[in-house]
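This report refers to the structure that appears directly beneath it.
For the single chain, residues carry numbers from 1 onward in sequence order.
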Amino acid sequence: MSLQMDIEFICECGHQIDDVVVVPEPNFMAEKNKDSYTYSEHEIYCPNCMIEHQVEVASSFGGADCTISNRGNNLVYSVPYYPEDEFEELFNYTDNKSHFTTFQQHITSVRSLLEIDVPQNSRFSLLVMLYGHVVSAIEGYLSGMFIHKVTNSEALIRKLIETDPEFSNRNFSLKEIFERQEALKTTVAHYLKNLIFHDLKKIKPMYRDVLGYDFGNIGWLFKAVLTRHDCVHRAGHDKDGEPISLTNEMLMELVNQSEQLIGKVQEFVGPIEEPNDLPF
């Protein structure tokens, strides 16, 4: 099964394009990251103006990067992943109640791994991987809990539709959604699953408007998400190729802050009723 990544960008005609591209496996025979790069090229046509866009994916031990021809703008792409069965994935979001437990398990693992004695020249790589893991654990909890609560309450689904302009402007009307009640739960779950949950500009107002939870000042998390990008996409280096600053103390501070944040969210959001009252 091939790795893939989700991409989106704006064509020069102004149309937003969403697609999935294959990510090549890195060269596992290479001894160094710089020698592990492999590439794949893709042709994506804009359905609005039929302009051809050239997309290139570069893959290495440190992750994958995506670039696009100068006819496309605002390129955004996901971390590479192996596709899963859609039904099982949506079921995990809508019916799984163990998001907080899963988060705690991730954090416990990170604490244990930080205590391992590794060679000094390997410590940086360990910190890079663990930093990205902690931020991903936060994202996983926030997305999983939000989707679970919303898709098990007709009232919360209505709040989402009423308060989220992007969802209400999708290519189906509210009338059509509620006429097809049997598809509403999976429609909402699929939409939310495809959100970029480390885009806090989207997540903060959605938690506030739909679940009634205000994150307050989480500037530290905004900064952590930016650092995570360097960890995942550049193997712990900035755009100039310089290693980012990471220490055990910085990672432990992130762990403690994430535990406090998710603990507060769980305390507020956890008790919200799940009537599972959708009429299907």
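H15 places a side-chain heavy atom less than 4.5 Å from the side chain of P47. At a threshold of 4.5 Å between non-hydrogen side-chain atoms, the residues I17 and Y45 do not count as touching. Side-chain atoms of T247 and M250, non-hydrogen and from C-beta on, do get closer than 4.5 Å to each other. A 4.5 Å side-chain heavy-atom check between Y77 and D65 finds at least one atom pair inside the cut-off. You'll find the side chain of S153 stays beyond 4.5 Å of the side chain of K159, heavy atoms only. In this structure the side chain of E259 never reaches within 4.5 angstrom of the side chain of K264, judged on heavy atoms. Using a 4.5 Å cut-off on side-chain heavy atoms (C-beta onward), V57 and H42 make contact.
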Subject >> salt bridge (charged side-chain N to carboxylate O under 4.0 Å, His left out) assessment of R158 paired with E154 >> reply: CA-CA 6 Å; R158 288 183 181 273; E154 182 176 3; 3.1 Å; yes
Subject >> S258 vs F103, side chain to side chain contact (heavy atoms under 4.5 Å, CB included): CA-CA, chis, key distance, verdict >> reply: CA-CA 10 Å; S258 67; F103 171 79; 3.9 Å; yes
**OP:** Evaluate the ring pair (Phe, Tyr, Trp, His ring centres under 6.0 Å) criterion for residues H53 and F9: first the C-alpha distance (whole Å), next the side-chain angles of each, then the deciding distance (0.1 Å), finally the verdict.
**Re:** CA-CA 10 Å; H53 297 274; F9 58 92; 5.0 Å; yes
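In terms of heavy atoms, V269 sits closest to L211 at CG1-CD1, 3.9 Å. Contact between S59 and P24 at its shortest, heavy atoms only, is OG-O, 2.9 Å.
With hydrogens and angles left out, the side-chain atoms of Q54 and E52 include a donor and acceptor closer than 3.5 Å. A donor-acceptor contact closer than 3.5 angstrom is absent between the side chains of H99 and H148. Judged purely by distance below 3.5 Å, without hydrogens or angles, the side chains of H229 and T227 never pair a donor atom with an acceptor atom.
Residues satisfying the side-chain contact (heavy atoms from CB on, under 4.5 Å) criterion with E253, sequence neighbours excluded, are Q257.
Formation of a donor-acceptor pair under 3.5 Å by the T38 side chain with backbone atoms of E25 is found in this model. The main-chain N or O of D6 is found under 3.5 Å from a side-chain atom of S78 such that the two form a donor-acceptor pair.
Residue C46 holds its SG atom at 9.5 Å from CD1 of I10, rounded to the nearest 0.5 Å. Taken from OG in S125 to CG in L127, the straight-line distance is 9.0 Å, to the nearest 0.5 Å. With values rounded to the nearest 0.5 angstrom, K204 atom NZ is found 12.0 Å from L142 atom CG. Here CG of L130 is found 12.5 Å from CZ of R111. Values are rounded to the nearest 0.5 Å.
By the neighbour-count criterion of 12 heavy atoms within 6.0 Å, atom CG of D240 is densely surrounded, having more than that number from other residues, nucleotides or ligands.
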